[in-house]
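Report on one structure; see the data block that follows.
When a ligand or atom number is given, it counts from 1 through the structure's own listing order. All heavy atoms count here, side chains included; hydrogens, waters and symmetry mates do not. One-based numbering along the sequence shown.
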Amino acid sequence: MTSLRVSLLLTVIFPLTLTGVGGFGLPRAPSDVYDYIVVGGGSAGSIVASRLSENRGVSVLLIEGGPSNEGITDAITPYVYPRLYQSMAYDWNFTTVPQPGLNGRTTAYLRGHILGGSSSINGMTLNRAPAADWDRMASLTGDQSFSWNNVIPYIRKNEAFKRPEGSRFDNAYDPAVHGFKGPLCNSLIEDDSWITEPTLTAAEEVGIPYSRDVNGGQPLGISWQQFSVKNGERSSAATAFVNGQSRARRNFRVLLNSKVSRILPRPRSNTTSGPLHFTTVEYRDANGSIQTVVASREIIISAGVMATPALLMRSGLGPRAQLQAANITVLLDVPALGQYLQDRCGLSAVWSVNSTDTDDQIDRNSTYFNELLQEWNEHRTGRLTQTGYRQMIWGRVPDDAPILSTIDDPSSGPTSPHYEIFPANKWAGTSAPPATGNFVTMNILISASNVHGSVTLNASNPMNPVINPNYLGSDWDMYVLRTAVRKAAEYMRAPAWRRWNATPVFDSSILDNDAALDEWIHTSSYGGVHGVGTARMGPPNSPSGTDVVGPDFRVKGVRGLRIVDTSVFPFVMNAHMMGPTYIMAEKAADVIKRGL
Ligand SMILES: Cc1cc2nc3c(=O)[nH]c(=O)nc-3n(C[C@H](O)[C@H](O)[C@H](O)COP(=O)(O)OP(=O)(O)OC[C@H]3O[C@@H](n4cnc5c(N)ncnc54)[C@H](O)[C@@H]3O)c2cc1C
Ligand SMILES: *[C@@H]1O[C@H](CO)[C@@H](O)[C@H](O)[C@H]1NC(C)=O
Ligand SMILES: *[C@@H]1O[C@H](CO)[C@@H](O)[C@H](O)[C@H]1NC(C)=O
Ligand SMILES: *[C@@H]1O[C@H](CO)[C@@H](O)[C@H](O)[C@H]1NC(C)=O
Ligand SMILES: *[C@@H]1O[C@H](CO)[C@@H](O)[C@H](O)[C@H]1NC(C)=O
Ligand SMILES: *[C@@H]1O[C@H](CO)[C@@H](O)[C@H](O)[C@H]1NC(C)=O
Ligand SMILES: *[C@@H]1O[C@H](CO)[C@@H](O)[C@H](O)[C@H]1NC(C)=O
Ligand SMILES: *[C@@H]1O[C@H](CO)[C@@H](O)[C@H](O)[C@H]1NC(C)=O
């Protein structure tokens with residue numbers, strides 16, 4: 001395939017200029033050469049770029065496809081974050097292909113299209129995953145520097161934990177496992193909501209153990225959630241690492257509204273041998289013109305779990321047959337790229353309660369909402385500083401579950417969870433909330449799945465990859481979700497909830513019938529937001545084609561190119577994935593700075 005064919009293909013999407021076609025690698029002005037170019041100003045990319053620019057001797061360019069996060073109220077006010085989802089300017093509007101496990105339904109695959117990436121639109125829950133997950137990461141990559149003990153310094157460096165006021169929250173977190181001086185704020189919800197008491201007491205009543213700190217490495221049990229919220233506002237990778245001081249550094253430039261179309265290697269003469277060296281980034285600027293910039297040291301791809309593999313494929317790296325089918329010149333056959341997508345999925349089960357103090361009234365009474373908004377505007381206090389979640393439960397299927405003798409336990413060990421349940425103080429079901437009533441929702445998610453999906457190129461629309469997470473693709477997935485739904489129902493039958501007259505709004509007779517419960521799971525589950533694995537990391541000397549990057553984050557088989565974002569995780573952790581991504585990005589920045 002000739003490169004002209006590539007150009008013709010891409011011209012449909014990116015109107016290439018002649019410079020774009022022929023003059024790769026030749027900057028038009030000195031300012032178009034940077035030491036490092038980071039593609040994607042999201043959760044990982046913002047951290048990597050900002051950390052690299054701490055060294056004033058190097059120049060760093062961060063290229064983000066979306067707009068600035070600054071002044072976007074919905075991205076600042078914690079409570080209203082769901083308004084940013086889907087078909088808004090701040091989401092990439094990805095959709096999965098029909099999922100057999102979801103009875104053939106498709107589901108939106110939300111990804112932030114804004115500085116800060118998904119950390120600017122997400123639910124702000126801050127997790128780090130169990131210690132055993134990081135130890136497994138170390139063993140899968142053959143690199144002990146990924147073990148829990150060895151990533152703790154990056155956690156501390158990243159985080160400014162806000163100690164709650166007064167002593168009544170002393171047992172709700174463990175100060176020994178936190179950092180206090182990092183850029184990223186981490187805080188608890190400090191209020192006296194009615195829901196805290198039944199949430200914690202019911203756990204005790206049904207034998208769910210209390211874990212003092214969800215981020216202490218042993219999350220199994222019930223614990224308080226922690227949130228990336230600072231003084232009533234979202235604290236994101238953008239607010240913590242890019243806005244303000246960092247961005248003012250003279251060696252750090254941020255390009256917004258600029259969508260990277262391809263990366264290109266240094267042109268080779270007939271006599272050059274050795275691996276391709278990637279130096280050039282081609283993007284479409286805010287006005288739709290194609291531009292190029294050059295990295296004299298490295299290009300770091302941080303476009304996220306969907307866009308990273310899609311970008312590499314457009315550039316000629318990826319599974320050979322797929323690229324050929326799209327008439328893209330194969331520069332390097334990378335069979336693992338886009339494969340091994342793994343995510344979490346689940347459903348929401350709703351109970352009615354007789355508390356009159358649920359968040360339902362915020363959603364349905366605009367007078368009340370406006371009062372709260374005024375309070376938030378004036379003081380950054382009140383209910384809009386919260387997401388409405390407070391505690392979370394991490395659980396395992398019983399040790400004697402028969403299925404465990406027929407499959408390998410996909411979790412990282414006997415103290416690692418298989419599922420997660422977290423209560424919301426309102427109707428958070430997938431259908432529209434009723435006009436009256438008060439509700440509590442159990443969000444129930446798989447956390448240790450054993451299926452993989454994929455991200456592949458759509459030849460006729462290379463910016464929009466074909467996303468197939470393969471949700472609920474195994475008997476194990478179904479078993480875990482059935483177990484978790486029944487656990488949630490048992491928990492909601494505890495005396496502490498009965499005092500609030502908790503009553504399921506779904507037909508609870510299905511709980512006693514596997515087939516009926518499965519049908520409910522297939523029809524009501526939705527996709528996750530925690531995808532990983534599309535550019536997975538493996539040991540330096542793994543069999544060819546089994547992974548994409550090594551423990552140094554370098555793309556194997558080429559020079560000048562690294563990947564740092566959730567796509568490098570070889571398995572989805574027992575976590576909401578923002579926190580693990582932050583840890584990974586801090587580590588990667590350190591690796592790059594040390595020239596490893
Ligand atoms: C709606 C939602 C809710 C979530 N809730 C939580 C939560 O509460 N807690 C939690 O821990 N995790 C949550 N997650 C998951 C978590 O946010 C992600 O796993 C994590 O942020 C991913 O980080 P990333 O750096 O890999 O990608 P992202 O943060 O998505 O960053 C990728 C960046 O690259 C940019 N980009 C992509 N393509 C291009 C291109 N071609 N050119 C230029 N720029 C490009 C994007 O615009 C984006 O800014 C949620 C995610 C979503 C979407
Ligand atoms: C998503 O769709 C909305 C509505 O159609 C649109 O305004 C927005 O620009 C789209 N986002 C992207 C990244 O294309
Ligand atoms: C490089 O190879 C091409 C095609 O084989 C040939 O046309 C060209 O003359 C060669 N150039 C040099 C400098 O050898
Ligand atoms: C886009 O065009 C406008 C008007 O010509 C110009 O002011 C602006 O600088 C351009 N932006 C970019 C990114 O080139
Ligand atoms: C690839 O090129 C062939 C031959 O020119 C053409 O028939 C085919 O439609 C192209 N495919 C795509 C996806 O552009
Ligand atoms: C809506 O909120 C306002 C302000 O708090 C309150 O006065 C009013 O009673 C509420 N309306 C309903 C129907 O609850
Ligand atoms: C590929 O893109 C085309 C054009 O946008 C679209 O019609 C088609 O449905 C896409 N295919 C898949 C499998 O998503
Ligand atoms: C809620 O219902 C329970 C059980 O019926 C009852 O004991 C309790 O008094 C009720 N509480 C309120 C606030 O109505």
Side-chain angles (χ1 to χ4, degrees), residues 38-48 62-67 69 81-82 84-86 90-92 94 108-129 194 225-228 236-238 255-263 281-284 301-308 310-311 314 343-344 353-357 360-362 364-372 387 389 422 435-436 438 463 497-503 528-532 534-535 563-569 572-573 575-582 584-585:
V38 179
V39 175
S43 314
S46 297
I47 293 183
V48 170
L62 178 62
I63 309 185
E64 166 54 35
N69 60 304
Y81 72 99
L84 295 158
Y85 292 4
Q86 229 184 321
Y90 312 113
D91 183 18
W92 281 86
F94 294 138
Y109 206 98
L110 305 169
R111 290 291 96 180
H113 172 253
I114 179 172
L115 191 63
S118 299
S119 82
S120 289
I121 69 163
N122 73 14
M124 290 157 277
T125 295
L126 189 63
N127 285 167
R128 295 166 179 170
W194 72 276
Q225 287 206 46
Q226 298 174 12
F227 297 94
S228 47
S236 67
L255 274 181
L256 297 171
N257 303 303
S258 302
K259 293 191 171 60
V260 173
S261 42
R262 287 187 295 175
I263 51 168
V281 174
E282 177 193 88
Y283 67 94
R284 193 182 52 182
I301 308 292
S302 302
V305 68
M306 301 305 158
T308 286
L311 167 58
R314 292 196 298 271
D343 194 5
R344 308 178 50 202
V353 289
N354 66 0
S355 164
T356 52
D357 196 23
D360 296 292
Q361 53 183 329
I362 307 179
R364 81 168 63 107
N365 181 343
S366 58
T367 312
Y368 183 50
F369 178 83
N370 287 330
E371 285 174 6
L372 293 174
T387 62
Y389 298 102
F422 57 106
T436 57
N438 291 92
M463 278 305 261
W497 287 115
R498 280 206 300 268
R499 283 193 287 279
W500 296 97
N501 199 24
T503 311
V529 284
H530 300 292
V532 302
T534 52
I563 298 175
V564 185
D565 59 29
T566 42
S567 41
V568 306
F569 285 89
V572 66
M573 289 188 164
H576 295 230
M577 283 304 292
M578 171 182 69
T581 304
Y582 285 164
M584 204 59 120

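- Shown here, atom 14 (O) of ligand 6 is in close reach of the protein: a heavy atom of it lies under 4.0 Å off.
- His113 has its side chain within reach of Lys259: a pair of non-hydrogen atoms, C-beta onward, lies under 4.5 Å apart.
- For Ser120 against Gly116, the heavy-atom pair with the smallest separation is OG-CA, 3.3 Å.
- Within the 4.0 angstrom cut-off, atom 11 (N) of ligand 8 has one or more protein heavy-atom neighbours.
- The presence of a protein heavy atom under 4.0 Å from atom 7 (O) of ligand 6 is ruled out.
- Of all protein heavy atoms, the one closest to atom 36 (N) of ligand 1 is Trp92 CZ2, 3.7 Å.
- No hydrogens or angles considered: a donor-acceptor pair under 3.5 Å links the side chains of Thr308 and Asp565.
- Taking every heavy atom of Arg499 and a limit of under 4.0 angstrom, the matching atoms of ligand 8 come to 1 (C), 2 (O), 3 (C), 8 (C).
- The closest side-chain heavy-atom distance from Arg314 to Leu311 is below 4.5 Å.
- The residue from His530, His576, Arg111 that puts a heavy atom closest to atom 18 (C) of ligand 1 is Arg111.
- Under the 4.5 Å side-chain criterion, counting only non-hydrogen atoms from C-beta, Phe569 is in contact with Pro580.
- At the top of the distance list for atom 21 (O) of ligand 1, counting protein heavy atoms only, stands Ser43 OG, 2.6 Å.
- A side chain to side chain contact (heavy atoms under 4.5 Å, CB included) with Glu64 holds for exactly one of Val260, Asn257, Leu256, Leu255; it is Leu256.
- Looking at Asn354 next to ligand 8, an N or O pair under 3.5 Å apart turns up.
- If you number the atoms of ligand 6 from 1 as listed, the ones under 4.0 Å from a heavy atom of Asn365 come out as 1 (C), 2 (O), 3 (C), 8 (C), 10 (C), 11 (N), 12 (C), 14 (O).
- Closest to atom 4 (C) of ligand 1 by heavy atom, among Val260, Leu255, Val281, Asn122, is Asn122.
- Protein heavy atom at the shortest distance from atom 44 (N) of ligand 1 is Gly65 N, 3.0 Å.
- Which parts of ligand 1 touch Lys259 is read off a 4.0 Å heavy-atom cut-off, strictly below it: atoms 42 (N).
- Against a heavy-atom cut-off of under 4.0 Å, Gly123 is close to the following atoms of ligand 1: 3 (C), 4 (C), 5 (N), 6 (C), 7 (C), 8 (O).
- From the protein, the heavy atom lying nearest to atom 28 (P) of ligand 1 is Ser118 N, 3.6 Å.
- In terms of protein heavy-atom proximity, atom 38 (N) of ligand 1 is nearest to Ala307 CB, 3.2 Å.
- Distance from atom 25 (O) of ligand 1 to its nearest protein heavy atom, with residue and atom name: Ala44 N, 3.0 Å.
- The Tyr85 neighbourhood of ligand 1 comprises atoms 1 (C), 2 (C), 3 (C), with distances under 4.0 Å to a heavy atom of that residue.
- Listed by number with element, the atoms of ligand 6 under 4.0 Å from a non-hydrogen atom of Glu371 are 4 (C), 5 (O).
- Ranked by closest heavy atom to atom 48 (C) of ligand 1, the top entry among Gly112, Ala108, Gly40, Pro82 is Gly112.
- Relative orientation of the Tyr81 and Tyr85 rings is perpendicular, given thresholds of 30° and 60° on the angle between their planes.
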